[in-house]
Amino acid sequence: QPSRQHPARPAPAHEESLARNAYRYDMAMNILNWNIAAVNNNPFEYWITHSEPAYNGLMEGVQGFLDAPGELDVPIKEVFRESMAQELFALMEKEGWDGVAETKAQWESNFAPRKMVSGFMQDKEIGSKRLASMPDRVTNTIFTTDGGQVCRPTLINVYEGKMDTVGEWWEQWKEFMFVKPVSIKSKSGETRVRPCQMLEPISSKKYPAVTPQEEAISIPLQTLCQAVFDAVLVHIVNAVAPGTWHPLKLEICNALVKNKDQITLDILANSYADSHVVFLQEAAGVFIDRAGTSLGDHFHILAPAKLDSKRDQNSLILLSKSRFDAATVEEVTAKVTAGFAEGTPVADGDMFAVTVRDKSGGKYFLASFHGDTNGLATIPVVSATKAFYDTLDPEYKMLFGLDANTHQKHNPGKVQGMLEFVDFFVKEGLTSCWGNSPDPKQILTTFNARTFLQPQLNKAVRMSEKESKGDVNPKDFILFHSRSFRVDSVLKDNTGERKYIEGMVFPTLTFPSDHGIVRAVLEPQLSDKSEL
């Protein structure tokens, strides 16, 4: 009988290699970063990807109307009719406002005969004087004390009322501005006011284009300009897309505004519930509560002690309950921000940092950050964050998720380039989910552009120029120390389905953010046998 063959025992080196690989697999970290912000309350402000041809028909029609109206560029008085103007002046006089007579004179000699597009919508002087944008800022969407909101009847917010004619719009607009009071928070507590009472004078000192004479009559003058602006938009959409624009608006409002939080939470729950650390930016206060309800079974929801009460945009960190010990969490945001250089453009809620231990005792320093629009705060913030990390026990591992707001092209002192940012953090001993020498065009995480259905027409981008003139940039990163982790895999996602469609503008109706998700699987670096 031949002897039974036994498999040879693995050589010690091979056995150690297997042990290391098993350890790396067990301790691998699934890390996600996502700026969950999207368009503001104007559902038409940014181009989106929509499956219905009617959407592109509407947006191209508006673009053509405002870009080259031709014979459609009629005098304002043919849209905002004389009878409407006289009603408005009567309402303003009833309020006891100064300057109504002078505003009426301006209407008759200046505004009424102007062409509605070339003479008003495209007039840069009206923009520099804030005659339409200032009252829009105040009355577009009013947040009430009961947690609700009231919207001015206009195209550029989530107002749901039908406005199939300028006349139909006018009846609703008058009632909103001058009749129905709303309850708002004030220094003295709760105050009931009508929207027209919320308007404030436009200062000629702050806006030098405004003359002293215009400042004196700026409340009735801006009210007139706001009415004209809204009337022109209602006229245009009903001219280019009668019967179709309103259902489209309601659909977009539902996806990108009303149900945005739930769609966002569903993506995290359905596609990324296996994440160990989730870094989020630009989350509203109400999102924090909703996240606890929707994701609380899987994650500890961590938020800064000091939330942003003005912009309502906060950086958050979600920790896997199966991996981390919530009792060990300590917020260190104030210690990190204490190292920021004076003048660094960072607001409350932008930075959030904690230390925490996992259930096996591993120590982590975690930070979530939202950079300013041009990315100028990013390098100073990362520098200060790294400096704080260097003061911690060497056993701590750093993970830093951020919307760095870096751009493909660098403009010193004005716009932070991505390559220059990478050069900086590599010199600091850090690396990223994209490695140390990424190609900017391969790691794009934004693709958005303004439409012609918003107040700042100078920033509008034609449909054919979305890629060349839009915000198409590599903005989102996960940083860590090169001695702590190595990248096993990385993906980006603008669908909510763990895939990224290159060349697609977003948000979409199923992906409500204007930033892509970045997801990396990181394996621990093993320096010696003591880590096994």
Side-chain angles (χ1 to χ4, degrees), residues 72-117 119-121 123 126 129-142 150-157 159-182 184 192-202 213-239 242 245-246 455:
L72 298 176
D73 196 8
V74 300
I76 288 174
K77 62 184 177 183
E78 292 187 20
V79 176
F80 189 69
R81 297 187 298 275
E82 183 65 29
S83 60
M84 297 175 181
Q86 294 307 317
E87 280 188 84
L88 179 58
F89 297 137
L91 289 166
M92 294 193 291
E93 286 173 347
K94 188 176 179 180
E95 294 299 319
W97 290 349
D98 293 332
V100 176
E102 291 85 348
T103 301
K104 186 176 182 179
Q106 283 277 338
W107 162 255
E108 294 171 350
S109 64
N110 185 5
F111 289 105
R114 286 191 186 198
K115 295 294 181 69
M116 67 174 184
V117 176
F120 187 85
M121 301 297 282
D123 186 351
I126 289 175
K129 293 180 178 183
R130 304 297 195 271
L131 291 175
S133 60
M134 187 64 75
D136 177 65
R137 183 184 303 175
V138 175
T139 65
N140 181 289
T141 304
I142 301 171
V150 180
C151 296
R152 189 178 79 249
T154 183
L155 264 292
I156 57 172
N157 61 20
Y159 183 74
E160 295 183 342
K162 291 189 69 175
M163 299 177 287
D164 290 341
T165 66
V166 174
E168 188 176 21
W169 157 82
W170 175 237
E171 294 303 317
Q172 297 170 71
W173 196 93
K174 286 186 300 180
E175 184 175 36
F176 168 84
M177 287 293 289
F178 292 97
V179 178
K180 287 188 174 180
V182 294
I184 60 172
R192 285 183 64 78
V193 297
R194 288 168 291 118
C196 66
Q197 295 173 303
M198 299 171 65
L199 300 174
E200 297 180 352
I202 302 175
Q213 293 78 18
E214 288 170 332
E215 179 179 0
I217 65 170
S218 59
I219 289 183
L221 185 61
Q222 66 182 285
T223 305
L224 172 63
C225 289
Q226 185 70 85
V228 170
F229 176 85
D230 288 342
V232 170
L233 288 185
V234 170
H235 172 78
I236 290 174
V237 295
N238 282 297
W245 72 265
H246 187 250

Where do [X] and [Y] come nearest, in terms of heavy atoms and distance?
| X | Y | result |
| --- | --- | --- |
| Lys180 | Pro195 | O-CD, 3.5 Å |
| Cys151 | Tyr159 | O-CD1, 3.6 Å |
| Val79 | His235 | CG1-CB, 3.6 Å |
| Pro113 | Glu108 | CD-O, 3.9 Å |

Does some side-chain heavy atom of [Y] sit less than 4.5 Å from a side-chain heavy atom of [X]?
| X | Y | result |
| --- | --- | --- |
| Val166 | Met84 | yes |
| Trp170 | Val234 | no |
| Met163 | Leu155 | yes |
| Phe229 | Leu131 | no |
| Trp245 | Asn238 | yes |

If you round to the nearest 0.5 Å, how far is [atom2] of [Y] from [atom1] of [X]?
| X | Y | atom1 | atom2 | result |
| --- | --- | --- | --- | --- |
| Glu171 | Glu87 | CD | CD | 6.5 Å |
| Phe80 | Phe120 | CZ | CZ | 10.0 Å |
| Ile217 | Gln222 | CD1 | CD | 11.0 Å |
| Met177 | Gln197 | CE | CD | 10.5 Å |
| Ser218 | Arg130 | OG | CZ | 14.0 Å |
| Thr223 | Phe178 | OG1 | CZ | 5.5 Å |

Could you go through Lys174 and Val179, starting from their C-alpha distance and side-chain angles, then the distance that decides it, and tell me whether this counts as side-chain contact (heavy atoms from CB on, under 4.5 Å)?
CA-CA 7 Å; Lys174 286 186 300 180; Val179 178; 6.0 Å; no

Show every donor-acceptor pair shorter than 3.5 Å between a side-chain atom in residues 91-100 and any protein atom, with sequence neighbours excluded, or say none if there are none.
from: Glu95; atom 1: OE1; to: Arg194; atom 2: NH1; distance (Å): 3.4
from: Glu95; atom 1: OE1; to: Arg194; atom 2: NH2; distance (Å): 3.2
from: Glu95; atom 1: OE2; to: Arg194; atom 2: NH1; distance (Å): 2.6

Donor-acceptor under 3.5 Å ([X] side chain, [Y] main chain):
| X | Y | value |
| --- | --- | --- |
| Trp169 | Ala231 | no |
| Glu168 | Asp164 | yes |
| Glu102 | Leu221 | no |

Between Arg114 and Val228, does the side-chain contact (heavy atoms from CB on, under 4.5 Å) criterion hold? Intermediate values first, please.
CA-CA 11 Å; Arg114 286 191 186 198; Val228 170; over 6 Å; no

Checking side-chain contact (heavy atoms from CB on, under 4.5 Å) between [X] and each of [options], which is the one that passes?
| X | options | answer |
| --- | --- | --- |
| Arg152 | Asp136, Val138, Ile142, Thr141 | Asp136 |
| Met121 | Asp73, Ile126, Leu233 | Leu233 |
| Pro135 | Asn140, Asp230, Ile219, Leu199 | Leu199 |

How about Gln86 and Trp107: does a side-chain donor come under 3.5 Å of a side-chain acceptor?
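Result is no, nothing qualifies.
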
